[in-house]
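Ligands are counted one by one from 1 in listed order, and the atoms in each one are counted from 1 as well. Just so you know, these numbers use all the heavy atoms, side chains as well, and skip hydrogens, waters and symmetry mates.
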Amino acid sequence: MAPDLRESWLIGPVEVPTRVVLAPMAGVSVQAFRRQGRRYGAGLVCSEMVSCAGIEHRNERTLYYLRVVADEHPLAIQIFGSDPAAMAEAARMVEAAGADIVDMNFGCPVKKVTKTGAGAHLLEDAELACRITDAVASSVSVPVTVKMRRGVENGSRACLELGPRLVEAGAAALTLHPRSSKQMYTGYADHTLTAELVELVDVPVIASGDVTSRAKAQAVLEATGAEAVMVGRGAQGNPWALREILDSDSAEPSREEVAAELIVFIRETVRELGERRASGFLKKFYGWYLGHGRFPKPFKNELVQLSSTEEVVTRLLAAAPAAAELVERLEAELPDPDDEILLEGMPISIYGGG
Ligand SMILES: Cc1cc2nc3c(=O)[nH]c(=O)nc-3n(C[C@H](O)[C@H](O)[C@H](O)COP(=O)(O)O)c2cc1C
């Protein structure tokens, strides 16, 4: 029987309401993305990777990543680093910020990260990976999870040796993206390794990689015995992919729905990052939202040329006037800004822009 994607499951004591997890993605997983993912049925959302050194030095930009709002829960905040004590301190900050789970990145293939001993480097340094996991798990009371790749080299099976050791050191769940870090995003995610990992550990395993449809999600869950699937690129500018994965009878969004979600996303992101940063950050989302044959390509090119996000919103409303009413409805459902947890010493409130 096909697994029920709407079934809840547990990471430690944290109840995750569906078997679909929204992937952490640097440059993508802003708060607006995570909240939207929750609205479309993701049972768990995750921040992008946050530098533990940035947290340790109270770097203003880094601390922005630790802002949590009421409708994100359950939420994991992901940290990366190579120093067990600094990671433990960062984890305490993450817990204080209101995250339900501390996730650790043991899979980032980017050289800037691996050369510091963090990310995918830890796949080849099991001893350090376990010391970090132990230090972090001992320093917080929320569950600590690890996201990893299969290994560094192509064909590596390092994750199968490391996974059980991480669980012994305190990991309450493991996410596996079974590509090597050398592969980056080429080839395909070999979920036969996910199935092997599931057999080796007694904590939930989340399968990440190439899950873009309901059929793929069910096939991966069935073939691997994983507790949940994680969706990354498939959900970029496309929350409807989450809905399609979760519901057998979901429909393609109308143009008005697409325009309305994009407008809310733009406004939320401007509130989060400030107009200057948001206008550059958002450009890649225009193509993601408006693609899939939803709007003609020249329209996207036109939006990218506009200099302010307000002009983009005006242009979207002109192209899909009925979106205005949907925007109003969506914005009315957003939680009260007072529900937000702010860490003492945070630079500004999320609703204060920046
Ligand atoms: C733009 C981008 C940024 C990413 N950033 C992170 C990150 O910060 N932390 C992490 O653990 N994985 C990161 N990943 C990996 C994804 O979480 C996921 O494992 C990978 O994309 C495979 O899943 P997919 O095929 O559903 O995209 C990133 C992927 C992309 C495409």
Test Lys147 against Asp103 for salt bridge (charged side-chain N to carboxylate O under 4.0 Å, His left out), laying out the working first. CA-CA 7 Å; Lys147 182 163 178 288; Asp103 188 50; over 6 Å; no

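Ligand 1 places these atoms under 4.0 Å from at least one heavy atom of Arg233: 21 (O), 24 (P), 25 (O), 26 (O), 27 (O), 31 (C). Taking every heavy atom of Ala23 and a limit of under 4.0 angstrom, the matching atoms of ligand 1 come to 17 (O). Of all the atoms in ligand 1, the ones that sit under 4.0 Å from a non-hydrogen atom of Asp210 are 24 (P), 25 (O), 26 (O). Short contacts between ligand 1 and Asn105, defined as distances under 4.0 Å to a heavy atom of the residue, involve ligand atoms 9 (N), 10 (C), 11 (O).
Remark: Arg179 fails to qualify as a cation-pi partner of Tyr185 under the 6.0 Å distance and 45° angle criteria applied to the six-membered ring. Cation-pi geometry between Lys284 and Phe281 is met: under 6.0 angstrom from the ring centre, within 45 degrees of the axis.
A donor-acceptor contact closer than 3.5 angstrom is absent between the side chains of Ser156 and Glu153. For Gln36 and Glu261, the side-chain atoms include at least one donor-acceptor pair closer than 3.5 Å. If you check the side chains of Asn238 and Arg243, you find no donor sitting under 3.5 Å from an acceptor.
Residue-level proximity to ligand 1 for Lys147 is carried by the side chain, the only part with a heavy atom below 4.0 angstrom.
Of the protein's non-hydrogen atoms, Ala26 N, 3.2 Å is the one closest to atom 3 (C) of ligand 1. Considering only non-hydrogen protein atoms, atom 28 (C) of ligand 1 sits nearest to Tyr185 OH, 3.2 Å. Given atom 18 (C) of ligand 1, the protein heavy atom at minimum distance is Ser208 OG, 3.4 Å. The nearest heavy-atom contact from the protein to atom 26 (O) of ligand 1 is Gly232 N, 2.9 Å.
Phe80 does not count as a contact of ligand 1, since none of its heavy atoms falls under 4.0 Å from the ligand. The shortest separation from a heavy atom of Cys108 to ligand 1 is not under 4.0 Å, leaving the residue out of contact.
Among Gln78, Met148, Met49, the residue whose heavy atom lies closest to atom 11 (O) of ligand 1 is Gln78. Closest heavy-atom approach to atom 14 (N) of ligand 1 within the set Gly27, Pro24, Ala235: this belongs to Pro24.
Classified by interplanar angle (parallel below 30°, tilted 30° to 60°, perpendicular above 60°), the ring pair Trp240/Tyr289 is perpendicular.
In terms of hydrophobic clustering, with Ile, Leu, Val, Met, Phe, Trp and Tyr side chains grouped at heavy-atom distances under 4.5 Å, Ile11 and Val21 are assigned to a common cluster.
Salt bridge status for Arg19 with Asp4: absent, with no side-chain N to carboxylate O gap under 4.0 Å.
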